[in-house]
Number of protein chains: 2
Amino acid sequence: MATNERRAREKARRRQEILQAAREVFFERGFHQATVDDVAFRAEVSKGTIYLYFESKESILAHLLLEGLALLLAQLNEAYAAHQSLSAEERLWRLARTYLDFSQTHPNYFRLMMAFDRGRFREQISAELYEQILQQSIRALDLVTQTVRQGIQAGEFACDDPKMSAGALWATLNGVLVLMANPLRRQMLSVELEPMFEATMALVLRGLRRAAN
Amino acid sequence: MATNERRAREKARRRQEILQAAREVFFERGFHQATVDDVAFRAEVSKGTIYLYFESKESILAHLLLEGLALLLAQLNEAYAAHQSLSAEERLWRLARTYLDFSQTHPNYFRLMMAFDRGRFREQISAELYEQILQQSIRALDLVTQTVRQGIQAGEFACDDPKMSAGALWATLNGVLVLMANPLRRQMLSVELEPMFEATMALVLRGLRRAAN
DNA sequence: GTATAATATGACCGCCAGTCAGTAAGTGAC
DNA sequence: GTCACTTACTGACTGGCGGTCATATTATAC
């Protein structure tokens, strides 16, 4: 009875089609402007069907966020793996730049990530899904933690808690990216994203270095 | 014709009453859960009246945000003015701690601030109101910039762009506060807000100091 | 070919932000 | 006091949307 398998495959494909449609619609019109009917129309499916595959509008968004996280993680992993021979500081730079790059090439996914910790999202998706997303983002952070740890072992960095330092670094980058995402803010600070990003990274990494250096 | 004055006064009071009701309702039930009818009921006014005083639900929220910003600015100004004799680094600590303190004692206002740069808000309030909010937040940043500048002049800090450094510092604090606002994140990082905040500040300030130190 | 299960549909519901025709209260002139 | 007029307020109503469910359609099994 291979029928069941085929069924499962078709079901999965349908789900992907809906997700694809949602990606297009949400990214084109913005989550709040987009309606579930829009998604249904784009997916060539009735609205009811959407709800056979996802619990809610927010849940669809959450799955898109997971996609984005997977993408980011892949890029970070690549950056992490590719430069084992470099100094920890240089590798942190690469990781950070990968993140910056991601935020620029996939602004929609990035926006989703930044929105995740906030408000409704948390309340409107299932606990498992929520935790899944959190887990993924922790994985990204672990790459940073590992690198910091290696930097400490190599005597490059002077700090006693790599986890905390990694967290601080991560929070800092998020802070900069969010702050600078707003054109009017950039204008008022009269700085562009890249220089600000560079300066902030330099500042924090300087703080991380051994005093000797 | 003092009548007009009284009229204006009454109008202003009504407005304040609505704002007061909105503050209570929004903070109690959350912005999205709360309805305009709730606010109207609490203000003992019909829904229509609400819309005589505010353009939209979001606009009410924006005015609450302005309140919060005023409160924060007052506290920052106080902290800034009170410790002129201390070192720039110590004064940055005080400013940062004031901010941390604000985020804990007025979590609702703080949440509003963090939400401000994101999504709908920007799209759903008037351009003037939007810019007004931005201006206020820039004022807060200016206190930091001033302090950094003084630190440079005093030879405490080694950096060439106080504005950028202040921006970096500000972004960093925001990043930490947002990241650590989520209980599950704290759990996963196994750090509490305060230690993380301290560690991050220490890290950045270390980066700011003259190498000599 | 028929019984059964799996999928899909779209009219419908409840909710809510925002509107507007209508009402009430206040004001100034005489 | 009352009339004309302005200002302030009201709440029933509208349109739009997320989500549901009774019904229809299609596939499968025997």
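Per chain, numbering begins at 1; letters A, B, ... match sequence-line order.
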Taken in chain and number order and not counting sequence neighbours, the residues that satisfy side chain to side chain donor-acceptor pair (under 3.5 Å) with B:Glu198 are B:Arg97
Atom pairs, N/O to N/O, protein against nucleotides 19-21 of chain D, distance under 3.5 Å?
{"unit_1": "D:dG19", "atom_1": "OP2", "unit_2": "A:Tyr51", "atom_2": "OH", "d": "2.7"}
{"unit_1": "D:dG19", "atom_1": "OP2", "unit_2": "A:Lys57", "atom_2": "N", "d": "2.9"}
{"unit_1": "D:dG19", "atom_1": "N7", "unit_2": "A:Lys47", "atom_2": "NZ", "d": "3.0"}
{"unit_1": "D:dG19", "atom_1": "O6", "unit_2": "A:Lys47", "atom_2": "NZ", "d": "2.9"}

Quick note, salt bridge (charged side-chain N to carboxylate O under 4.0 Å, His left out) partners involving residues 27-41 of chain B, not counting sequence neighbours, are B:Glu28-B:Arg42, B:Arg29-B:Asp38, B:Asp37-B:Lys47
Under a 4.0 Å heavy-atom cutoff, the residues of residues 10-31 of chain B touching DNA chain C are none
Residue pairs meeting salt bridge (charged side-chain N to carboxylate O under 4.0 Å, His left out), one or both in residues 64-79 of chain A, sequence neighbours left out, come to A:Arg23-A:Glu67
message = If we count only N and O atoms by modelled type, under 3.5 Å, do the side chains of B:Ser59 and B:Ser56 hold a donor and an acceptor together?
response = no
In short, salt bridge (charged side-chain N to carboxylate O under 4.0 Å, His left out) pairs touching residues 48-64 of chain A with sequence neighbours left out are A:Glu58-A:Arg120
Taken in chain and number order and not counting sequence neighbours, the residues that satisfy side-chain contact (heavy atoms from CB on, under 4.5 Å) with B:Val178 are B:Met114
Hits for ring-ring contact (aromatic ring centres under 6.0 Å, His included) against B:Phe102, two or more places apart or cross-chain, chain-then-number order -> B:His106
ring-ring contact (aromatic ring centres under 6.0 Å, His included) filter on B:Tyr51, not counting sequence neighbours, yields none
The bend of the helix from C:dG1-D:dC30 to C:dC30-D:dG1, taken between the axes of its five terminal pairs at each end and rounded to 10°, is 10°
Residue set satisfying ring-ring contact (aromatic ring centres under 6.0 Å, His included) with B:Tyr130, at least two apart, ordered chain then number -> B:Phe116
Sorted by chain and number, sequence neighbours left out, ring-ring contact (aromatic ring centres under 6.0 Å, His included) with A:Trp93 holds for none
